[in-house]
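Data block below; observations after.
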Protein chains: 2
Amino acid sequence: MSKPDLSTEIARTLREDIVAGRLVADDRLPSEADLAEQYGASRATIREALKRLAAQNLIRTQRGAFGGAFVARLDWAEAQAQHATMSTLLISMNEVDFATACHARFALERACAATACQNREAAHLDRMRAELSIQARPGLSDEAFCASDVTFHRAFVDATANPILSYQLAGAIEALQPLMNMITYTARSRDEILRIHGDLLHAVEARDAAAAEAALTRLETYTTGVGEGLILSRHAARSGQSA
Amino acid sequence: MSKPDLSTEIARTLREDIVAGRLVADDRLPSEADLAEQYGASRATIREALKRLAAQNLIRTQRGAFGGAFVARLDWAEAQAQHATMSTLLISMNEVDFATACHARFALERACAATACQNREAAHLDRMRAELSIQARPGLSDEAFCASDVTFHRAFVDATANPILSYQLAGAIEALQPLMNMITYTARSRDEILRIHGDLLHAVEARDAAAAEAALTRLETYTTGVGEGLILSRHAARSGQSA
DNA sequence: AGACATTTAATTGTCTGACATTTGTAGCAG
DNA sequence: CTGCTACAAATGTCAGACAATTAAATGTCT
């Protein structure tokens, strides 16, 4: 067991104080000078520890008189963004194959179906309808179509009115979107997607969970199929080139 | 738009290089001195930037000759732990009520049922059986029971053989466990839990997805019920005291 | 008294230069 | 070939200084 760095240790201590609730949102930490004295470290070391916490969105700092480091009020949106980038990295680094990613994404989204059908309100339906009409616009760029795709699905999971589900799902959907885009740009048929999105909207509107799940399953099947086809043709092209 | 700190900017630049794949796992970053020269900043500032990246598990540093900062190979387990602590904080800070947390947890876990039943192997069943027998031990401490509970459910989601699902779910399960524990310590009947766990195991063994989902739903209903009861009794106690 | 300008003090952000510590590599001795 | 030593390249830490920022206190004018 190698001894960790001092700054790492200090960061760990402070982090535990926050996670355990000994330091609560908007509490002010001692000034860097005070912390330095308290931990018997130099200001530079303390600052490195604080920067670690800041990178994890556990604290925010303010300059000037009566400034300092404050325990951050971590909100859902911020955490979601962080979750999404971490998932993105994870997926790209571990080279998850498309079928696995696709399966996970829709399994998770199906988990929202029943709750979304139960709790959806008019505003959610409106958001979904708005995105649907955007997606139907002729001449829409691929980028815009994909962005609207994400928004549509986020509106769907938000309809669960469960912030935990929203947080988990929206993070996952955003993280997997680059993979999805990759195939959208080349091969996805917008008509088929639009049809399924419409079915999903109507299912949620009718509070028909089974139909919503069925729509998502169809979307999964379709997307997986397109992806597989692409990979096959790419393999064929590659072996053709390398031969 | 206030200008962000230099160290923040440098961290952002390097992070983008990593996320965009311009720097790839195990690549070595320039030394702190080189980076300082390159960015026109002092070593201290560079170090603060690097510490931020280290806190996000994007790089790891090695001391000594030919040491330095290397792009980290982010693995599932590490990310999962980070995901779990972030979720824990989020839940405690936003004071999610028990019913919402419970519903989200089981909705997500049910999302795994079909896949787990399809892909489960003997090893997964063995792990689940082992935990089940631990949970049946008389005189088992509450802490040990809860720990085994977590392990049991993680074995279940691992049976999906889908690392993305495992990552998402295990993070969520661990994050919600403290809330679950809170009620376990006081009121949960182990017999009922054991019975349902047994049913879940048998459903997975028989590859019966519907039965697995049903077991999870029963567990959700039971847990939610116990939680509600506790909250009610607590409210009653509090109003009794404060009156 | 009230509005506005100025000073002040506290605090973070950055720089500089130094030294301590760690660790792979090269060279040397046996 | 093995083991020891010396070296060099990094990161880790420290001390002290100055710059920049900001809220509060103080002063000033009307």
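The chains referred to below are lettered A, B, ... by the order of the sequence lines, with proteins before strands, and numbering in each begins at 1.
For Arg63(B) against dT21(C), a side-chain-to-base donor-acceptor contact under 3.5 Å is present.
One interatomic measurement links the two molecules: CG of Leu29(A) to P of dT12(C), which rounds to 10 Å at whole-angstrom precision. For Ile46(B) and dT11(D), the CD1 to C1' distance is 14 Å, given to the nearest whole Å. What separates CG of Leu6(A) from P of dT13(D) is a distance of 5 Å, to the nearest Å. If you take CG of Asp34(B) and P of dA10(D), they are 7 Å apart, rounded to a whole angstrom. Asp5(A) places its CG atom 11 Å from the P atom of dT23(C), with the value rounded to the nearest Å. Taking atom CD on Glu48(B) and atom P on dC14(D), their separation rounds to 14 Å, with Å as the unit. Separating the CZ atom of Arg43(A) from the P atom of dC18(D) is a distance of 14 Å, rounded to the nearest angstrom. When rounded to the nearest whole Å, the span between CD of Glu37(A) and P of dT13(D) equals 19 Å.
OP1 or OP2 of dG12(D) has not a single side-chain nitrogen or oxygen of Ser7(A) nearer than 4.0 Å. The phosphate of dG13(C) has neither OP1 nor OP2 within less than 4.0 Å of any side-chain N or O from Thr45(B). One finds no side-chain N or O of Lys51(B) lying less than 4.0 angstrom from the OP1 or OP2 phosphate oxygen of dT11(D). OP1 or OP2 of dG12(D) lies within a sub-4.0 Å distance of a side-chain N or O belonging to Arg47(B).
Both Ala41(A) and Gln62(A) lie near DNA chain D, and the one whose nearest nucleotide falls closer to the 5' end is Ala41(A).
Between His83(B) and His83(A), the angle of the ring planes stays under 30°, which puts this pair in the parallel group of the 30/60° scheme.
Under the 4.0 Å criterion applied to side-chain N and carboxylate O atoms, Glu16(B) and Arg12(B) are assigned as salt-bridge partners. A salt bridge links Arg60(B) with Asp26(B); the closest basic N to acidic carboxylate O contact falls under 4.0 Å.
Counting only heavy atoms from C-beta on, Arg28(A) has its side chain closest to dT11(C) among dT14(C), dT13(D), dT11(C).
Separating the NZ atom in Lys51(B) from the CD atom in Glu48(A) is a distance of 5.5 Å, to the nearest 0.5 Å.
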Discussion item. With salt bridge (Lys or Arg N to Asp or Glu O under 4.0 Å) as the criterion, how do Arg105(A) and Glu220(A) come out once you've worked through the C-alpha distance, each side chain's angles and the decisive distance to 0.1 Å?
Written reply: CA-CA 9 Å; Arg105(A) 178 210 190 290; Glu220(A) 176 183 350; over 6 Å; no

